[in-house]
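Each remark here refers to the structure printed beneath this line.
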2 protein chains.
Amino acid sequence: MQEIKKRKTTGQITLFDVARYAGVGTMTVSRALRTPDRVSDKLRQKIQIAVDALGYKPNVAASLLASASANRVIAVITPKIYDHSAQLWLNSLQTHLAKEGYTTLLIESYHYYKLESQMLDALYSHNLEAILLFQVEDENFIKQILQNKIVPILNIGKDYDGLTNMNVGIDDSLAMYMLTEHVIKKGYQHIGLLCANQEYQIFQQRLHGWYKAMLAYHLPTHRVINAAKPANFSTGSELLPDMLLNWPELDALICTTDELACGVLYECQRRHIRVPYQLAVTGFGDNEFSQVSFPALTTVALPYKEIGEYSASLLLDNLKNKKVTHETDLSALAPVVRLRASV
Amino acid sequence: MQEIKKRKTTGQITLFDVARYAGVGTMTVSRALRTPDRVSDKLRQKIQIAVDALGYKPNVAASLLASASANRVIAVITPKIYDHSAQLWLNSLQTHLAKEGYTTLLIESYHYYKLESQMLDALYSHNLEAILLFQVEDENFIKQILQNKIVPILNIGKDYDGLTNMNVGIDDSLAMYMLTEHVIKKGYQHIGLLCANQEYQIFQQRLHGWYKAMLAYHLPTHRVINAAKPANFSTGSELLPDMLLNWPELDALICTTDELACGVLYECQRRHIRVPYQLAVTGFGDNEFSQVSFPALTTVALPYKEIGEYSASLLLDNLKNKKVTHETDLSALAPVVRLRASV
DNA sequence: ATCAAGTTTGATAGCGCTATCACATTTCTA
DNA sequence: TAGAAATGTGATAGCGCTATCAAACTTGAT
């Protein structure tokens, strides 16, 4: 007696199997798993035994389809997690969302915007509950997202004139302004800027912060290298010689990341340039190593952890109440300059 | 005239809407999107217009359910992506899998095994196609996975006696043995080991490699600090004094990560200890900064990029052929010692 | 012009689950 | 003790999609 299979099945144990085993209806099994308090103790126990015995695993696709509900998945779209501080932010965000049962799906597009929009289609198909944009720089892409807006969207980074539902600003420009001001007030005159990852807006914002500070204090703004290379240790080491060659009078060098600055510090040691006496050096980001480096690096910290927490609660509030009325002590989100031995 | 809604819907545009708009059957629309070559040009164009006009987004849950097919999603489970090299591995893996249309879902459990198994249930519910374990250390967890084995499982790291379908070994112990041997052959006698992240097996393997090499050359193995702290720059700086206090005769210090070693280098500078003349220092991992540091760091590189490529192709072959018959030049996967100025 | 073989299309029936409602059972009130 | 209210359970009908198969339309060879 051969059974005729008319259709592919997953071969999984289904709710029906469990129901038959436990001698109850499928609906009762469903309830026992989804809303246990609506099922009597006796049946609930029976069902639990059946579930364990058969090794039942619910089929999320079917559940989603039947309940027409969202997935408790929040997508984070970002061009790239550049550095340690962004990782802090993400980690903090994930932790807070996980507490409420949400899963974070991280998508790094590496700045291929076509990829981003392609992913977007895929994401919308996955019944996700919200989208979080982190330092997405392409305005067209943002507009495209908003055009198909189906779920709440939280933007972290530059504010696109209220295009997004919610926006948490990170002011890299301000942070760099503050840092540069500190350096200027220390009395340095010939202050250069070393910027890498030229192609990313966020680094141009840092550059801009330096520029504004220099202008504000009537200092010359021509001592700049703005390179299209990764902002890492090697690039720092590599570009210091160019800076010194172009502007031998340089007495302070502001770098757009801690990695660049550390590379510069290493190169200074190789060339027996005494920091900060001959050359002051600063970084950006307050990475783990900037406290330990020799000499310790003056840098500026963005409160990514707090921003993560803040953005998580903002998003959760929006998902729950469908209304954002959020008041926070935003001073907690302000940049902090860390003065150390290198200036 | 009010319509009675008997059931919640997602409110999405459905295939049916598209079909009606285009004046064809739903099945034709499904085919036009899934297998376009099986639909005539004329209808395909009509349908495309309808899709664009209505902004149709397919519902993955329904598609999965109907086709009873897997999701083209591969889950990577790992306790933690420790360092840059592991990131290289992951990146390389993702790239290769993406080429074949697979999405990688990264799950970092941060060593909460309960979390890992909880996630596993969730994952199995998501119709994923394969599971990739990266440096998962908990044997119970591995056994539990294998017990419910539904999809192919590839293990990267320690081989659990053929428990997994496929295993790609990374021999941290061998790598450390090779590095230690180099240091010994340079003539150093009083060689210490600095290990952090004590609680993770992978670091204990590195420690073990050092131990074996020291024994093989009849050198004493007591100069060890094995700390339960993060293996970062700070810890390196912090623990060097302890090493020197305990064993002032120390002439070489082998660290289990590049970060530790760099922290040690910084502390040496602070204490005017000349590297390598008074103390030789080595790292592990060949991170980006180890080439630029001052002095440049002798270290050992694991070929994570190649391992990523190899593991991707192994997995893909398994998914396609359902049979693993893989031959590779495994010498490409051997560790490489990078001799630099610090030894 | 005729028929066999290929191609294109759509009606139908589920995939595994849950919303809904009707019915059965228990508990509470007067 | 009857009747109302609350609770527990299961039959049914989809959620939006695709596998399947039969019907309609091509094509080309005779």
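Note on naming: letters A, B, ... go to the chains in the order of the sequence lines (proteins, then strands), and numbering restarts at 1 for each one.
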- Query: Which nucleotide, dG16(C), dT18(C), dC17(D), lies nearest any side-chain atom of Ser63(A)?
  - Reply: dT18(C)
- Message: Rounding to an integer number of Å, can you tell me how far Asp41(A) CG sits from dT26(C) C1'?
- Response: 15 Å
- Query: Is it true that a side-chain atom of Glu129(A) and a backbone atom of Val73(A) form a donor plus acceptor pair closer than 3.5 Å?
  - Reply: no
- Ile13(B) has an atom CD1; how far is it from atom P of dC15(D), in whole Å? 15 Å
- Task: Could you state the atom-to-atom distance from OH of Tyr56(B) to C1' of dC17(D) in whole Å?
- Result: 7 Å
- Message: Using five pairs at each end of the helix from dA1(C)-dT30(D) to dA30(C)-dT1(D) to define an axis, what is the angle between those two axes, to 10°?
- Response: 30°
- Message: With the threshold set at under 4.0 Å for non-hydrogen atoms, list the residues of residues 44-53 of chain A touching DNA chain D in residue-number order.
- Response: none
- Run the numbers on Asp41(A) and Gln45(A) for side chain to side chain donor-acceptor pair (under 3.5 Å), then give the verdict. CA-CA 6 Å; Asp41(A) 285 355; Gln45(A) 281 167 28; 5.5 Å; no
- Task: Starting from P on dG16(C), measure out to CD on Gln12(A) and report it in whole angstrom.
- Result: 7 Å
- Query: Going by heavy atoms in the side chains, are Tyr310(B) and Val168(B) under 4.5 Å from each other?
  - Reply: yes
- Nucleotide dG14(C), atom C1' - distance to CG of Asn59(A) in whole Å: 14 Å
- Message: Expressed as a whole number of angstroms, how long is the span from Leu64(B):CG to dG16(C):P?
- Response: 12 Å
- Of all the nucleotides listed (dC15(D), dT8(C), dC17(D)), which has the minimum atom distance to the side chain of Ala66(A)? dC15(D)
- The side chain of Leu65(A) lies closest to which of these nucleotides: dG16(D), dC17(D), dA19(D)? dG16(D)
- Query: Got a sec? Which of residues 16-38 of chain A come in under 4.0 Å of DNA chain D, heavy atoms?
  - Reply: Val24(A), Gly25(A), Met27(A), Thr28(A), Arg31(A)
- Task: Would you kindly give the NZ-to-C1' distance between Lys42(B) and dA24(D), to the nearest whole Å?
- Result: 14 Å
